[in-house]
Amino acid sequence: MVSEEEIRKRVAALGKQIAADYRGMPLTLVGVLKGAFLFMGDLIREIELELMVDFVEISTYGDRAHSSGVIRINKDLKYCAEGSHVLIVEDIVDTGLTMRYLVKHLQIHHPLSIKICTLLRKEKQGGQDVQVDYVGFKLTDEFVVGYGLDYAGKFRNLKDIRAVPKHVYENEEKHDESH
Ligand code: PRP
């Protein structure tokens, strides 16, 4: 779906844009584990600013291709984001449920502002209304893996982003239902 070269170029452009937007401001990038770990690593090296880095770990999906709708914070912020602008770094915004939950959660820290940067954004009907400020690539409804994104915990180490054929995860679901 997206080649290594396309990712590299887009991440560099996002980094430049973020650096221009936040110049002279205190900035904390909050990476959402696990999916965003590669994107976060590449993105921060393209932002020529002094910044802080923190991580949260959130899961929603379980192991399959569709959101369970249940959100769990496995690891919270280590540093307090009070007095800093927060930019959430996410690999993919799908239904938007995770981002709505996290933005609300981070407000407890009273940051100066909260914005969202996602590598991938799924565009489909019926999702949560969430404002995403920086988007790498838009997708329709493909289930994708690679560059940090997984299927059943695997394929995060692919250098590019690939679609999982529908029959693969649909077969898995049928298998689950029959057990
Ligand atoms: C994925 C992804 C986002 C979330 C997006 O996380 O990394 O955090 O789902 O879905 P939503 O917009 O429908 O809420 P996942 O739970 O798969 O965890 P992971 O990042 O550890 O793979």
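Read the numbers this way: they start at 1 and go in the same order the structure lists the ligands and their atoms. Being a predicted model, the structure only gives us computed values, none of them experimental.
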message: Show the atoms of ligand 1 that are less than 4.0 angstrom away from any heavy atom in E90.
response: 3 (C), 7 (O), 8 (O)
- prompt: What are the atoms of ligand 1, with element, lying closer than 4.0 Å to any heavy atom of T95?
  reply: 11 (P), 12 (O), 13 (O), 14 (O)
- prompt: With only distance considered, is S59 within less than 3.5 Å of ligand 1 through an N or O on each side?
  reply: no
field: Proximity of R156 to ligand 1 by residue part, where a heavy atom lies under 4.0 Å
entry: side chain
Within-cut-off N or O pair, I92 and ligand 1, under 3.5 Å: no
- prompt: Of the backbone atoms (N, CA, C, O) and the side-chain heavy atoms from C-beta on, which set of L149 has a member under 4.0 Å from an atom of ligand 1: side chain, backbone, both, or neither?
  reply: neither
- prompt: Side chains of L29 and M40: does their closest heavy-atom pair fall under 4.5 Å?
  reply: yes
- prompt: Is there a donor-acceptor contact under 3.5 Å linking the side chains of N74 and S59?
  reply: yes
- request: Could you tell me whether R8 and E5 make a salt bridge, using a distance below 4.0 angstrom between a side-chain N and a carboxylate O?
  value: yes
- request: Go through ligand 1 atom by atom and flag the ones less than 4.0 Å from a non-hydrogen atom of I58.
  value: 18 (O)
- request: Under 4.0 Å from a heavy atom of L97: give me the atoms of ligand 1 that qualify, with their elements.
  value: 12 (O), 14 (O)
query: Hey, does L119 have a side-chain heavy atom less than 4.5 Å from the side chain of E90?
result: no
query: When you look for heavy atoms under 4.0 Å from ligand 1, do you find them on the side chain of M99, its backbone, both, or neither?
result: neither
- prompt: Residues in side-chain contact (heavy atoms from CB on, under 4.5 Å) with F37, at least two apart?
  reply: L33, R156
task: Can you run down the side-chain hydrogen bond (donor to acceptor under 3.5 Å, both in side chains) pairs that involve residues 17-26, sequence neighbours left out, and say none if there aren't any?
output: D21-Y134
N/O donor-acceptor pair under 3.5 Å between E46 side chain and L43 backbone: no
- request: Give the numbers and elements of all ligand 1 atoms closer than 4.0 Å to a heavy atom of T98.
  value: 4 (C), 5 (C), 8 (O), 10 (O), 11 (P), 14 (O)
query: Should the proximity of D91 to ligand 1, defined as any heavy atom under 4.0 Å, be assigned to the side chain, the backbone, both, or neither?
result: side chain
H109 and H105 aromatic ring geometry - parallel, tilted or perpendicular at 30°/60° bounds: perpendicular
Subset of ligand 1 atoms that lie under 4.0 Å from at least one heavy atom of K34: 19 (P), 20 (O), 21 (O)
